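I have placed the structure first, in the form of structure tokens, so that the comments after it can refer back to it.
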Amino acid sequence: SMPVRKAGYGIFGAVLWIAYLWPSSKVRETFESLAKHAGHPSTRRLFGDYVTGFLRGMNRTEQVRHGRTDDVDAMFLLPDRARLDAIMEQGGCVLVIPHTHASLAMGRGLARHYDLLALLRSTGNERRAASERQIYANLDCDWLDIRVENPTKVARRVLNALNGGRLVIATVDRIHNAPPPDKPVISSSDTVRAMAYGQPIGIAGWPARFSHKAGVPIIPVMAVQTEDTISLILGEAITPSSDIVETTQTWVAEMERLMKTHPDEWTFALDKFWSRALRNSTSA
């Protein structure tokens with residue numbers, strides 16, 4: 001019920017604010033850096049918008065989990081739909097999105113309009129993973145849990161989808177330590193060295209590799225909420241080349257631009273790797 005949800009969200013919000021206000025808070029330091037990169041005038045206001053968006057997205061995700069999707073479907077907007085339709089007339093497309101508060105609810109709306117394959121990663125905790133898969137089942141699209149699926153099967157399904165003129169969408173801002181400059185690609189872990197917020201990061205190489213094999217563009221996107229809407233904002237389309245490092249850096253730079261434009265919607269700003277990169281970027 002809504003009263004129970006509001007009580008639970010209030011606790012989550014209070015915990016986030018305590019983390020922000022705690023002395024020597026890394027949360028506050030992270031958002032100070034994010035505000036500088038985004039040109040935002042107030043760190044506290046940015047964090048307040050982040051908390052509001054986080055709780056709003058949580059509520060909408062819970063609606064999807066429980067199959068109460070009519071309201072979520074009605075909220076979906078795609079302001080640049082004509083451009084996406086024109087691209088799709090030429091074949092498939094890879095949409096890369098950072099973890100945003102409304103990613104899953106947006107995916108539900110997008111699947112109502114396009115033939116979609118979603119690549120999702122459940123948590124390693126099996127009890128929580130089972131709960132997450134309830135959400136995935138209500139997205140009304142084909143999906144793969146890449147944490148548990150065989151990588152060969154994932155690659156085959158992705159390439160078949162792209163060659164068949166379908167959309168493939170995935171959250172791609174899960175980062176690791178950057179590979180060294182003299183070995184920027186680590187094939188065993190599918191990690192490519194790139195720069196984001198002025199810091200070296202290690203990020204997934206598959207978008208560049210698969211899009212080049214299928215001859216389709218990569219479009220970084222962002223899910224942006226208001227009280228009444230969930231919009232999918234399209235970035236610039238990236239034409240992949242045979243150079244996986246160059247292509248990866250190009251789409252990462254465009255995704256970073258979107259995250260700077262909508263910093264309050266970027267859930268993974270508080271991921272430990274991104275938090276460290278952000279704090280390091282302005283520590284000097």
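What you are looking at is a predicted structure, and each value in this text was computed from that prediction instead of being measured.
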Taking only Lys NZ, Arg NE, NH1 and NH2, and the carboxylate oxygens of Asp or Glu, determine whether [X] and [Y] approach each other closer than 4.0 Å.
X	Y	value
Arg209	Asp190	yes
Lys36	Glu32	no
Glu126	Arg133	yes
Asp71	Arg60	no
Lys26	Glu29	no

Check whether any side-chain N or O of [X] sits under 3.5 Å from a backbone N or O of [Y] as a donor-acceptor pair, and report yes or no.
X	Y	result
Thr248	Val245	no
Gln249	Met195	yes
Thr69	Val72	no
Arg65	Ser131	yes
Ser241	Asp243	yes
Asp145	Ser122	yes
Glu254	Glu236	yes
Ser25	Leu21	no

For this session: Would you check, one step at a time, whether the test ring-ring contact (aromatic ring centres under 6.0 Å, His included) holds for Trp143 with Tyr136?
Result: CA-CA 7 Å; Trp143 56 274; Tyr136 305 160; 5.2 Å; yes
Exercise. Without hydrogens or angle criteria, can the side chains of Arg279 and Ser275 be said to hold a donor-acceptor pair below 3.5 Å?
Worked result: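 Yes - a donor-acceptor pair under 3.5 Å links their side chains.
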Can you confirm whether [X] sits close enough to [Y] that some side-chain heavy atom of one is under 4.5 Å from a side-chain heavy atom of the other?
X	Y	value
Asp173	Phe273	no
Phe54	Thr267	yes
Val172	Met255	yes
Ile146	Trp206	no
Leu34	Leu46	yes
Ile87	Arg83	yes
Val168	Leu119	yes
His101	Arg56	no

From [atom1] ([X]) to [atom2] ([Y]), nearest 0.5 Å:
X	Y	atom1	atom2	result
Leu78	Ile233	CG	CD1	8.5 Å
Ile219	Leu167	CD1	CG	8.0 Å
Leu120	Leu144	CG	CG	8.5 Å
Leu104	Glu132	CG	CD	8.5 Å

For this session: Would you sort out whether Thr229 and Phe76 count as a side-chain contact (heavy atoms from CB on, under 4.5 Å), showing the intermediate values?
Result: CA-CA 6 Å; Thr229 65; Phe76 179 74; over 6 Å; no
Problem set entry | Other residues, nucleotides, ligands: >12 heavy atoms within 6.0 Å of Trp22 CH2 |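 Open: at most 12 neighbouring heavy atoms sit under 6.0 Å from CH2 of Trp22.
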Exercise. Parallel, tilted or perpendicular: which fits the ring planes of Phe47 and Tyr20, with parallel below 30° and perpendicular above 60°?
Worked result: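 Judged by the thresholds at 30° and 60°, the geometry between Phe47 and Tyr20 is parallel.
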Exercise. In terms of the angle between their ring planes, are His37 and Tyr197 parallel, tilted or perpendicular, with boundaries placed at 30° and 60°?
Worked result: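 Aromatic pair His37/Tyr197 classed perpendicular.
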Exercise. Less than 6.0 Å separating the ring centroids of His40 and Phe31?
Worked result: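 Ring centroids of His40 and Phe31 are no less than 6.0 Å from each other.
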Problem set entry | From CA spacing to verdict: side-chain contact (heavy atoms from CB on, under 4.5 Å), His212, Thr247 | CA-CA 9 Å; His212 181 254; Thr247 299; over 6 Å; no
For this session: Quickly, which of Asp264, Val15, Leu16 forms a side chain to side chain contact (heavy atoms under 4.5 Å, CB included) with Val51? Name it, please.
Result: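 Among Asp264, Val15, Leu16, the one that satisfies the side chain to side chain contact (heavy atoms under 4.5 Å, CB included) with Val51 is Leu16.
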